2 protein chains.
Amino acid sequence: MTLPERTVERLSEYRRSLLQCLEEGKTHIFSHELAELHHNTAVQVRRDIMFIGYTSMQRKGYDLRELVDVIGDILDSERGLNVAVIGIGNLGRAVTTYFVGKRSKLNIIATFDVDTTKIDRVISGVKCYPLSRLNEVVKAQQISIAILTVPADSAAEVTAQLVEADIKGLMNFTTVPLNVPPDVYLDEFDMITSLEKVAYFVKSPQN
Amino acid sequence: MTLPERTVERLSEYRRSLLQCLEEGKTHIFSHELAELHHNTAVQVRRDIMFIGYTSMQRKGYDLRELVDVIGDILDSERGLNVAVIGIGNLGRAVTTYFVGKRSKLNIIATFDVDTTKIDRVISGVKCYPLSRLNEVVKAQQISIAILTVPADSAAEVTAQLVEADIKGLMNFTTVPLNVPPDVYLDEFDMITSLEKVAYFVKSPQN
DNA sequence: TTGAATCTGTGATTTAATTAACAATATTTT
DNA sequence: AAAATATTGTTAATTAAATCACAGATTCAA
């Protein structure tokens, strides 16, 4: 059974709120409380939680600790996954510093760049390798996910190299639509498109 | 009539490919060609184009120039919209440099930060103001869209100030879910969630 | 301890988005 | 100029996601 994409996203978001609540000393939470923290409905929350097969103490709300663990069972992979950031410009640095230190099963363990002045520099505790060693390092360190933050004109080529190195998932921050084989999971985030969408709905409100 | 959200996104993406094709000297494009450039189907492309009411020279494909213009009529607002970036860390700088210079009806005309050492510095030609002047500057410069790249712990407060300053659209890059009144269009991009989603589908491929 | 209130879990329904199917039309081939 | 081919525009069907509606379970109040 595989979960709906949107449910996966929301579970990730829920988890962070739940951890936050735990830190604040809470032990249980109602579906409508969790719904209010994100902007959605109590039914949606319950439906999402139903998907992962967790059931609460009736009438007490969900047990925070238990729910966090169940979400972890679903989202995290046992031994964690290794991640590389490709391209250490502003964006690459932002992403890297962002992730490092977050308790997480996703370990950013390498960054890459063509700029030789960056080689061997350490960004937030992560070493920067020359792009020429991509294949070698990805394989040696068993990196399965890459975050692509290179300039648009090198995106296609780097992607080909990543596929060659047998990467399994790719988060694309460039504005170039990438082609990867069907067994590579690809998620694209395109800032220009996002902003143009915001602009459109600002211009023509829908309700 | 307001377009489906996904269609708006795709139109923005199409436009960039179309401009690219124009530069390469092409004059027409078939739906299946455009589909192949993005990863979707010819039907989807035709459906999207149908929504905006453009019809092609039958059998010749779409006229690039015309289609670009029609998409512009839909997506762009006449006089353009003014945009501010709030928070000039790595991410804020990345976003700013990213946009500046792109021919576009979206003008990043101000950035803001608390860090007083950044004040009055110019990032990619855009001036940085102290966060304390947010309300004043947003109103004076008629800024209608804000890109939020501040640290998580100040996100809620800054958002309240933006709403106060009558912002119309908000692109949230922090991992904090924001609350805005219904007339403010909100788009959230959460890196952690995106990456966790990639990890999930890497772990459990769906097909 | 009965009754009212509250919250969950889920089947049924609705809405949104995508895909299939195909008629209409222009172009090319013979 | 007839037949074959390629491409669009759109109706209908399908799939995916969100919402409604309500039974069941637990707690609280009297």
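Lettering follows sequence order; numbering is per chain, from 1. Every value quoted in this text rests on a predicted model; they were computed, and no experiment measured them.
- Separating the CG atom of B:Leu3 from the P atom of C:dA16 is a distance of 14 Å, rounded to the nearest angstrom.
- Below 30°, between 30° and 60°, or above 60°: for B:Phe201 and A:Tyr185 the angle between ring planes is below 30°, a parallel geometry.
- Scanning DNA chain D 5' to 3' for nucleotides with an atom closer than 4.0 angstrom to a non-hydrogen atom of chain B gives a first and last hit of D:dT5 to D:dA12.
- Whole-Å rounding puts the B:His28 NE2 to C:dA26 C1' distance at 13 Å.
- Relative orientation of the A:Phe173 and B:Phe189 rings is perpendicular, given thresholds of 30° and 60° on the angle between their planes.
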Donor-acceptor contacts under 3.5 Å from residues 163-172 of chain B side chains, at least two apart:
unit_1   : atom_1 : unit_2   : atom_2 : d
B:Asp166 : OD1    : B:Lys168 : NZ     : 3.2
B:Asn172 : OD1    : B:Thr174 : N      : 2.8
B:Asn172 : OD1    : B:Thr174 : OG1    : 2.8
B:Asn172 : ND2    : B:Val176 : O      : 2.9
B:Asn172 : ND2    : B:Glu188 : OE2    : 3.3

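- Looking at A:Asn82, its side chain does come within 3.5 Å of a backbone N or O of A:Gln141 through a donor-acceptor pair.
- Contacts of A:His28 classified as ring-ring contact (aromatic ring centres under 6.0 Å, His included), with partners at least two apart in sequence or in another chain: none.
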Table of protein N/O atoms under 3.5 Å from nucleotides 8-11 of chain C N/O atoms:
unit_1 : atom_1 : unit_2  : atom_2 : d
C:dT8  : OP1    : A:Ser31 : N      : 2.9
C:dT8  : OP2    : A:Ser31 : OG     : 2.4
C:dT8  : O3'    : A:Ser56 : OG     : 3.3
C:dG9  : OP1    : A:Ser56 : N      : 2.9
C:dG9  : OP2    : A:Tyr62 : OH     : 2.7
C:dG9  : N7     : A:Arg46 : NE     : 2.8
C:dG9  : O6     : A:Arg46 : NH2    : 2.8
C:dG11 : O6     : A:Arg47 : NH2    : 2.5

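- Under the side-chain hydrogen bond (donor to acceptor under 3.5 Å, both in side chains) criterion, B:Asp73 pairs with no residue, sequence neighbours left out.
- In this structure B:Asn90 satisfies the side-chain hydrogen bond (donor to acceptor under 3.5 Å, both in side chains) test together with B:Arg93, sequence neighbours excluded.
- Side chains of B:Thr175 and B:Asp190: a donor-acceptor N/O pair is absent below 3.5 angstrom, by distance only.
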